[in-house]
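Note that this is a predicted model, so its numbers are computed, not measured.
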Amino acid sequence: MSFESSSITVHLAIPSDWGFGNIIGGKHLADADGARAARLFLKDRDGERHLTVHEGDRIEFAGQSWSVTTVYESVAGAGRGPVATLTEIPPVANA
């Protein structure tokens with residue numbers, strides 16, 4: 001997994017500790033309609049869960065909201081390449 005302050009790139013089959021017990025991992029998936037998707041494993045203060053996500057989906061992880069900005073295509077022989085990139089959605093300031 002690689003991350004900047006506002007994004008996380010999840011890599012195939014590498015669950016990564018994002019700090020404070022927050023863990024994320026993932027794999028490639030095609031959903032029931034054959035669309036490209038990612039299956040994410042999340043562990044944070046809300047517990048453990050598995051989510052199937054597509055580009056544009058929003059998820060909650062580690063107390064923050066994230067947008068699934070990219071779901072990468074599975075490439076044979078690519079090793080443990082990227083599965084998905086999540087971008088932090090900044091909190092809305094109270095007016």
Is the closest side-chain heavy-atom distance between [X] and [Y] below 4.5 Å?
X     : Y     : answer
Glu48 : Phe41 : yes
Ile59 : Leu42 : yes
Arg58 : Ile89 : yes
His54 : Asp31 : yes
Phe61 : Asp46 : no
Leu40 : His50 : no

### Query
Can you check whether Tyr72's main-chain N or O pairs, donor with acceptor, with His28's side chain at less than 3.5 Å?
yes
### Query
So, does Asp33 use its side chain to make a donor-acceptor pair with the main chain of Ala35 at under 3.5 Å?
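The answer is no, because no donor-acceptor pair under 3.5 Å joins these two groups.
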Closest heavy-atom contact between [X] and [Y]?
X     : Y     : result
Ile23 : Asp17 : CG1-CA, 4.2 Å
Val10 : Gly26 : CG1-N, 3.5 Å
Arg45 : Gly63 : NH2-CA, 3.2 Å
Glu55 : Arg36 : OE2-NH2, 4.0 Å

Looking only at the side chains, is there a donor atom on one of [X] and [Y] sitting less than 3.5 Å from an acceptor on the other?
X     : Y     : value
Ser6  : Glu88 : no
Thr85 : Thr9  : yes
Thr69 : Thr87 : yes

### Query
Got a salt bridge between Asp44 and Arg49, using NZ or NE/NH1/NH2 to carboxylate O under 4.0 Å?
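Salt bridge flag = yes for Arg49 with Asp44.
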### Task
Rounded to the nearest 0.5 Å, what's the gap from OG on Ser74 to CG on Leu29? Could you check?
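Rounded to the nearest 0.5 Å, the OG-CG separation comes to 10.5 Å.
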### Task
Give me the one residue out of Leu86, Val71, Thr52, Val68 that meets side chain to side chain contact (heavy atoms under 4.5 Å, CB included) with Asp57.
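Among Leu86, Val71, Thr52, Val68, the one that satisfies the side chain to side chain contact (heavy atoms under 4.5 Å, CB included) with Asp57 is Val68.
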### Message
Which residues pass the salt bridge (charged side-chain N to carboxylate O under 4.0 Å, His left out) test with Arg39, not counting sequence neighbours?
### Response
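Here no residue qualifies.
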